[in-house]
Amino acid sequence: MYEERKEIFGNVFTAGLDIKELYAPATSEARTREFWRTLSQVLTQIYNSRLSTVAIINGACPAGGCVLALCCDWRIITWNGSMGLNEVALGMRVPFYWCELMARTCGLRAAEDLLLSASMPTSTDLRSLQLVDEIVEKPEDLMPAGIERLTKWLKFPSEGYVPTKRHMRGEFAQRWRDGIEWEGQEVWKAINHPATIASLDQVMKRLSGGAKSKL
Amino acid sequence: MYEERKEIFGNVFTAGLDIKELYAPATSEARTREFWRTLSQVLTQIYNSRLSTVAIINGACPAGGCVLALCCDWRIITWNGSMGLNEVALGMRVPFYWCELMARTCGLRAAEDLLLSASMPTSTDLRSLQLVDEIVEKPEDLMPAGIERLTKWLKFPSEGYVPTKRHMRGEFAQRWRDGIEWEGQEVWKAINHPATIASLDQVMKRLSGGAKSKL
Amino acid sequence: MYEERKEIFGNVFTAGLDIKELYAPATSEARTREFWRTLSQVLTQIYNSRLSTVAIINGACPAGGCVLALCCDWRIITWNGSMGLNEVALGMRVPFYWCELMARTCGLRAAEDLLLSASMPTSTDLRSLQLVDEIVEKPEDLMPAGIERLTKWLKFPSEGYVPTKRHMRGEFAQRWRDGIEWEGQEVWKAINHPATIASLDQVMKRLSGGAKSKL
């Protein structure tokens, strides 16, 4: 499946959510709410996992791909990568808890600037912003670097590691989980707005040239 | 009016609040509370505005001028500028919500240091601290730079931009608004303290040489 | 007493808590709870003191020494120093409020990384992280640098300084104080866990070679 994805996307970690799930005429409120619930449960479980998690990012990592990476404990990217929550450029709001997750990673002021400018900083800027932790030269360096990082953490007894991670993340994870239904409702209201539908119409036309459409 | 102010102040964005409004013998509790209410309503409206806002700062920007600039979305300053909440040097407390606004811009630890040292960092330091976003060489470069920044944001549909800005600022804006009356009361108690009156006495004597007295 | 400590520890600011107080077989729930109460009351009083406080750090400053330093208003360290909350390396959780104190000093993301990696950054890294404010060359430079810093602050009237410090720290200090009993309970549960006892057994064996055992 990795090979198949690679063939389709080239140097892309993940292009984010399937845009058709956010295109109101192609879905329904019930389906959107269910989609959002599943997505958010996965994200919060990764964010607050007792396990150590590393995102290895080959190339571009926009929107839904970025939030998945930010839920991990460590991010390694290729030198030619880029990452960001660039929803605003498409006329979409950044989901509420994704905004806070970004602010928790790079600080509030930098997050405001990045989100409102729909920025996709490149690898060295991402490192200065603390949005990634390591840069590697070639895609094949990603996996060894990730394993090296995990190996370091695995030396530590989980009696100290796991509760300390919970101390840092538990409170936000809980608020995020508690807000999933509310956020899903907001997402449906937003994507059901005529201006958003028109905006996604254009994005889908642009993408229909060949590559699968993801946001 | 800009010309008039320029004549009076020279290279000063704004010198802050009118010190006479904070000098207890020249005002009253009712007047101070009303003054604080009006000021804080303006500040919170700018902070949480659906519009994009840029502060262009020509020279020094202390206290009340600084908080006004921090309420905007972007700050551009001349190379010889300086900015800070320097109330502590005059024996005045930094108002409660202004402290949090500073921390939300440059981080909590840097804010503690700046406020307790009554610092007025200069332009390059302000940029490292994320307290300003751009530095220009000459005052006449400020307006074009501001317009350029606003033009970038205006490309984005407001369906995404406005709710994302609200996600980042709405919760604090609400707490700030809810706290206006309490903060106004605290301000009155503070300025009515004999030591503060004595301290402002000296400031006003110092300023009475010529320039209008602002804090 | 300083001389005595210096003789025992050499270049160590403080080696932290007495490890025997955290070794369950050598203590009891009641004693641990009382120990934690006293410790936490001291820490929160220093953190939220109306006085200005400077930590001068000669050499290594792990765990309990680090949290004491972070409660001060300013940290000065010798060039060969190091500091961190490295509990995770010993299989111990970082106490809940210590995690937040760290995040309030160096930012949330950096704190996550440092705590989960049990890092003890050295002086120049500590300064980049805002965990220390000044580096001096020789131990004998510490005290004059500390006095110089205190002298700067003492110029300011306390009518402005003290409430501004409270604005920055009061809310967290209150939450920390309110949570002392809960945190003490958690600490007892943690140190009473067989894996933690086994882990401390090893640490104590390692330390029993000569130096007094501190964490």
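Just so it is clear, the model here is predicted, and its values are computed rather than measured. Just so it is clear: chains get the letters A, B, ... in the order the sequence lines come, proteins before strands, and each one is counted from 1. Because only heavy atoms are used, hydrogens play no part in the values below, and waters and symmetry mates are left out as well, while side chains stay in.
- Looking at A/Arg166, neither its backbone nor its side chain comes within 4.5 Å of chain C, counting heavy atoms on both sides.
- Interface remark: A/Lys152 contributes no atoms to any contact with chain C (heavy atom separation under 4.5 Å).
- Of the residues listed (C/Val54, C/Leu126, C/Leu70, C/Ile135), the one engaging C/Arg75 in a side-chain contact (heavy atoms from CB on, under 4.5 Å) is C/Leu70, and it is the only one.
- Aromatic rings of A/Phe96 and A/Trp182 (six-membered ring for Trp) have centroids within the 6.0 Å cut-off, being under it.
- Here the side chain of A/Asp73 pairs a donor or acceptor atom with the backbone of A/Thr53 at under 3.5 angstrom.
- With chain A as partner, the option from C/Ala118, C/Ala110, C/Ser117, C/Ala195 having the largest number of non-hydrogen pairs under 4.5 angstrom is C/Ser117.
- A donor and an acceptor atom, one from each side chain of A/Tyr161 and A/Ser52, are located under 3.5 Å apart.
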